[in-house]
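Values below: every heavy atom of this structure, side chains too, minus hydrogens, waters and symmetry copies. Residue indices begin at 1 and follow the sequence shown.
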Amino acid sequence: MNHCCYILHSKKLLRYYVGYSSNLDLRLIFHKNSESRKYTYKAKDWKLYYKIDCNSKKQGIAIENHIKRMKSKVYIENLLKYPEITIRLLKKYEESPGH
């Protein structure tokens, strides 16, 4: 499995969507065909903005939740500008051996 935390961007809405997936290609198809009650239904121009490859589901979800807790477009944009932020996130949420 290819665990990752991903960020989509919509120019139409000027918004970001943060998620986790173990199959990003399939998940992107889901977002393009999302139902009316889902968040990504509001626009059809979602593009992959950023992806963080993770070692496990637990790590991916922890990073997703961390980014969501920040509630900041600037933080998301800084992930792209400053790769060291991603390195710190991966290190902070890495699982110790045996877990």
Side-chain angles (χ1 to χ4, degrees):
M1 285 191 185
N2 297 319
H3 303 283
C4 71
C5 174
Y6 64 93
I7 302 170
L8 304 179
H9 182 257
S10 167
K11 283 187 179 181
K12 176 184 172 190
L13 300 177
L14 297 174
R15 293 207 119 169
Y16 293 97
Y17 175 89
V18 181
Y20 158 81
S21 182
S22 60
N23 185 335
L24 186 57
D25 292 334
L26 189 62
R27 192 71 179 147
L28 292 175
I29 291 168
F30 168 83
H31 285 303
K32 289 185 190 291
N33 301 304
S34 59
E35 300 171 21
S36 61
R37 61 188 181 278
K38 302 291 183 188
Y39 182 85
T40 53
Y41 180 79
K42 298 174 184 176
K44 294 293 180 194
D45 68 335
W46 294 102
K47 300 277 186 234
L48 183 61
Y49 177 80
Y50 195 68
K51 179 178 98 154
I52 302 172
D53 291 314
C54 302
N55 295 320
S56 67
K57 179 178 181 176
K58 184 176 180 180
Q59 184 184 43
I61 291 172
I63 292 172
E64 172 194 11
N65 290 333
H66 177 98
I67 294 168
K68 286 179 175 179
R69 278 193 311 272
M70 298 305 287
K71 296 184 179 186
S72 169
K73 287 182 179 183
V74 173
Y75 183 81
I76 289 171
E77 290 163 359
N78 281 341
L79 287 170
L80 195 62
K81 284 185 201 171
Y82 305 106
E84 62 271 18
I85 297 172
T86 300
I87 293 166
R88 282 198 307 265
L89 282 173
L90 288 166
K91 201 173 226 65
K92 179 177 183 173
Y93 295 108
E94 73 185 349
E95 292 185 54
S96 50
H99 290 281

Looking at every non-hydrogen atom in both residues, tell me the closest pair between A43 and S10 and how far apart they are. CB-OG, 3.4 Å
Grab the two heavy atoms, one from R27 and one from S21, that are nearest each other, plus how far apart they are. CB-OG, 3.5 Å
Would you kindly say whether H3 and Y20 are connected by a side-chain donor-acceptor distance under 3.5 Å? yes
Quick check for you: to the nearest 0.5 Å, what is the distance between I29 atom CD1 and H31 atom NE2? 11.5 Å
Under 3.5 Å, which donor-acceptor pairs do the side chains of residues 76-91 form with other protein atoms, sequence neighbours left out?
from	atom 1	to	atom 2	distance (Å)
E77	OE2	Y16	OH	2.9
N78	ND2	V74	O	3.4
T86	OG1	Y50	OH	2.5

Could you work out, with side chain to side chain donor-acceptor pair (under 3.5 Å) as the rule, every residue matching S22, not counting sequence neighbours? none
Could you name each residue pair satisfying ring-ring contact (aromatic ring centres under 6.0 Å, His included) that touches residues 54-76, not counting sequence neighbours? H66-Y75, H66-Y93
Any pair with a residue in residues 60-72 that passes salt bridge (charged side-chain N to carboxylate O under 4.0 Å, His left out), sequence neighbours left out, goes on the list, sorted by first then second residue, please. E64-K68
For C54 and C5, the nearest pair of non-hydrogen atoms, with its separation, is SG-N, 4.0 Å
Kindly check if the number of other-residue, nucleotide or ligand heavy atoms within 6.0 Å of CG (N2) is above 12? no
With hydrophobic residues grouped by side-chain heavy-atom distances under 4.5 Å, do I67 and I61 end up in a single group? no
Please say whether more than 12 non-hydrogen atoms of neighbouring residues, nucleotides or ligands are located less than 6.0 Å from CZ in R15. no
Under the 4.5 Å side-chain heavy-atom rule for ILVMFWY, direct or indirect, which residues accompany L28? Y6, L8, L13, Y17, L24, Y39, W46, L48
Are there more than 12 heavy atoms of other residues, nucleotides or ligands under 6.0 Å from atom NZ of K32? no
Which residues satisfy the ring pair (Phe, Tyr, Trp, His ring centres under 6.0 Å) test with F30, sequence neighbours excluded? none
Please answer whether the main-chain N or O of L14 pairs with a side-chain N or O of K73 as donor and acceptor at a distance below 3.5 Å. yes
With sequence neighbours excluded, give me every salt bridge (charged side-chain N to carboxylate O under 4.0 Å, His left out) pair touching residues 41-53. K51-D53
